Amino acid sequence: MLRAGSVALVPLIFLLLALVAPALRLLQEGWQGSDAGLSALWAPWQDSYLRWRMAWSLLQASITCVTALVLGLPIAWVLARFEFMGRSVVLRALMLPFVVPTLVAAMGVLALLGPQGLLTRLGGPDLQGTPWLLLYGNLFFNLCVVVRAGVDALSQVSASRLAAARSLGATPWRAFWRIEWPAIAPWLMSALCLVFMYCFAGFGLALVLGGQGYATAEVEIYTLVAHELQLGQAGVLSLWMMALTLLVALAYAAIERNLATPARADRLPRRRPHGRYQWLAVLAALLLLGAVCAAPLLAIVWKALCSALPVFDAGQGSAHGNPGADGGGAAWRVLLEDDTLLALWNTLRFSIPAVLLATALGLAHALAARRSLLLRTLVFLPFVVSPVMVAFGLLLLYPTWTGSVGLLIAAYALLAYPFVAKALASALDSMPAHYLDAARSLGASPWRAFWRVTFPLLRPALRRGVAFAAATAVGEFAVTLFLSRPEWATLTTLIYQRLGRPGAANLDAAMLLSCVLMLLALAAFVLIERREPQEVFDA
């Protein structure tokens with residue numbers, strides 16, 4: 001194997017220059033701007049407004065974790081134990097929330113439950129200004145995290161132990177709690193740590209869906225820096241966010257390392273559902289997945305069609321005798337505007353080099369972190385540190401490079417490469433050690449053993465990680481909001497600009513652009529990741 005020390009230098013230096021140093025620079029700026037000294041560290045907990053932002057950030061992340069576990073575990077059990085028509089399609093569809101950009105997901109929630117959402121117009125309640133929009137958006141992204149972890153974990157349950165328990169008279173419910181639950185609990189705790197980090201440090205969903213009353217601490221950091229120039233308060237608040245998220249990231253890395261065990265050979269075979277109750281369980285699982293993970297995407301497609309072709313929307317009146325009442329049918333022209341074409345080009349030209357850089361960094365980090373808990377934890381630093389904090393730290397630390405494409409691409413790669421590193425680290429954990437030992441015993445050098453043995457085995461995981469990195473880069477929003485120049489507007493920033501303008505025409509244009517962005521992210525993922533669904537799931 002390649003020397004871990006020399007390989008680790010590349011991602012560590014990148015993290016130091018692109019993440020740690022900018023974060024420290026912003027904290028220094030905030031500290032110097034504060035007259036309270038050490039007492040400023042407790043300011044977020046002494047101020048009732050900031051205390052509510054921190055408390056709500058913790059509360060909404062915790063509620064999402066509990067809800068995702070309660071809903072996701074039964075779905076995972078159904079998918080892991082039953083074989084039915086369309087199961088492979090469902091497993092493949094579980095990848096969608098990971099691929100869809102954050103801003104698109106937020107637009108999908110608004111298209112479904114917002115003031116002009118599909119369910120609202122059908123008589124449902126208007127959830128604007130309530131916490132339910134943000135909680136539903138969190139669940140859209142994170143339910144599949146728990147379901148995937150549950151399916152993977154249940155596939156590792158020993159069939160012989162479960163059969164022994166049943167032969168001794170244990171009921172299915174008792175066998176689950178005594179045999180299956182202890183085996184899958186670490187996997188689920190690992191997934192819930194990831195869910196907590198995503199929700200606690202999330203920015204895009206909270207910015208669009210949280211509103212003024214339910215904005216999280218991340219949105220407050222953005223407001224303090226971008227609108228109020230309160231770097232002192234923003235720095236202290238960011239420090240608390242980093243500390244809390246780092247504790248969760250450390251727990252996640254420790255749990256994940258303990259899960260690095262070879263796959264069992266006595267997996268429990270899936271069976272076809274029989275009886276009314278088992279088929280009802282399958283139907284309920286599919287309906288629940290559809291309601292949480294598919295409904296926002298379908299809503300945004302429907303709203304985009306209504307905006308471009310008013311014949312799909314009989315409720316607005318524009319399709320029957322008054323086509324110009326709300327601009328319906330003309331919104332599709334936004335796709336041909338110069339601003340849209342330029343944003344599409346910018347999205348591609350920033351994302352492609354960022355993905356290439358993220359691939360190299362992720363490969364180096366995974367190889368170096370195979371036997372190091374510290375390095376395995378450091379890969380989560382881009383999730384721990386606020387992207388708003390990183391962006392402004394970069395501006396403060398490298399003022400002469402503010403208008404450079406390289407700085408923007410480096411920020412993209414910083415946010416994308418953990419997906420590559422994590423996928424490769426999991427593949428390395430499951431790789432039998434005797435493969436490399438056999439190659440070395442036959443005289444292969446470390447480099448030759450890597451290229452002839454290790455790399456071919458890592459190729460499926462590498463494709464999976466690069467696919468997620470590509471989807472992340474295409475839909476990146478937070479850093480782009482601060483680092484890009486006006487002529488560098490991407491699809492995400494163009495959608496946000498349209499949302500900030502009044503009028504139904506701008507909302508229709510934002511829906512259409514969101515649909516385009518979703519299709520672009522899906523295309524990037526599908527072109528790179530082309531394996532069979534079951535292979536993706538078992539990897």
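All figures in this text were calculated on a predicted structure; none of them were measured in a lab.
- Minimum interatomic distance between L357 and A413 (heavy atoms only, all atoms of both residues): CD2-CB, 3.6 Å.
- Formation of a donor-acceptor pair under 3.5 Å by the S190 side chain with backbone atoms of P186 is not found in this model.
- Between T102 and F203, the closest side-chain pair of non-hydrogen atoms is not below 4.5 Å.
- Note that CG of N138 is 8.5 Å distant from CG of L209, once rounded to the nearest 0.5 Å.
- Counting heavy atoms from C-beta outward, K303 and M107 have side chains that stay 4.5 Å or more apart.
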Stepwise side-chain contact (heavy atoms from CB on, under 4.5 Å) test for L512 and V516: CA-CA 6 Å; L512 271 172; V516 171; 5.7 Å; no
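- Nearest heavy-atom pair across P273 and V282 is CG-CG2, 3.9 Å.
- Counting only heavy atoms from C-beta outward, the side chains of L298 and L118 never approach each other to under 4.5 Å.
- From L188, atom CG reaches atom CG of L192 across 6.5 Å, with rounding to the nearest 0.5 Å.
- The ring of Y198 has its center no closer than 6.0 angstrom to the ring center of F141.
- For the pair T67/L135, no side-chain contact is recorded, criterion being any heavy-atom separation below 4.5 Å from C-beta on.
- With rounding to the nearest 0.5 angstrom, the CG atom of L15 is 6.5 Å from the CG atom of L378.
- Between the side chain of W56 and the backbone N or O of Y214, at least one donor-acceptor pair lies under 3.5 Å.
- M511 approaches A111 most closely through the heavy-atom pair CE-CB, 3.7 Å.
- Within 6.0 Å of CH2 in W132 there are 12 or fewer heavy atoms belonging to other residues, nucleotides or ligands.
- Of the residues L207, L491, L513, the one that meets the side chain to side chain contact (heavy atoms under 4.5 Å, CB included) test with Y496 is L207.
- Between V420 and L361, every side-chain heavy-atom pair lies at or beyond the 4.5 Å cut-off.
- Side-chain contact check for L237 versus M54: some heavy-atom pair is nearer than 4.5 Å.
- Of the candidates L519, V100, I495, S514 forms a side chain to side chain contact (heavy atoms under 4.5 Å, CB included) with just one, namely I495.
- Classified by interplanar angle (parallel below 30°, tilted 30° to 60°, perpendicular above 60°), the ring pair Y417/H365 is tilted.
- Between F82 and W77, the ring-plane angle classifies as perpendicular under the 30° and 60° cut-offs.
- Contact record, L69 with P74: O-CD, 4.3 Å, taken as the closest heavy-atom pair.
- Annotation for L139 and V292: closest pair O-CG1, 3.7 Å, computed over non-hydrogen atoms.
- For the pair V157 and A183, the tightest heavy-atom approach, listed with the atom from each and the gap, is CG2-CB, 4.2 Å.
- Looking at L94 and V151, their side chains never come closer than 4.5 Å, going by heavy atoms from C-beta outward.
- Ring geometry, F200 versus F196: the interplanar angle falls under 30°, so the pair is classed parallel (tilted spans 30 to 60°).
- Under the rule for a side chain to side chain contact (heavy atoms under 4.5 Å, CB included), the partners of V195 that lie at least two apart in sequence or sit in another chain are T64, C65, N142, V145, V146, C199.
- Applying the side-chain hydrogen bond (donor to acceptor under 3.5 Å, both in side chains) test to R81 and every residue at least two apart in sequence or in another chain returns E180.
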Chi angles and distances behind the side-chain contact (heavy atoms from CB on, under 4.5 Å) call for L79, F84: CA-CA 9 Å; L79 293 177; F84 52 89; 3.8 Å; yes
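- Going from atom CZ of R270 over to atom CG of L154 covers 11.5 Å, rounded to the nearest 0.5 Å.
- Using a distance-only test at 3.5 Å, with no hydrogens or angles considered, a donor-acceptor pair links the side chain of S57 to the main chain of A217.
- Expressed to the nearest 0.5 Å, how far CG of L73 lies from CD1 of I184 amounts to 5.0 Å.
- Atom-to-atom distance recorded for T347:OG1 and L520:CG is 7.0 Å, nearest 0.5 angstrom.
- Heavy-atom contacts from other residues, nucleotides or ligands closer than 6.0 Å to CZ of R51 number more than 12.
- Between W279 and R272 the shortest side-chain heavy-atom distance falls below 4.5 Å.
- Residues satisfying the side-chain hydrogen bond (donor to acceptor under 3.5 Å, both in side chains) criterion with T492, sequence neighbours excluded, are T490.
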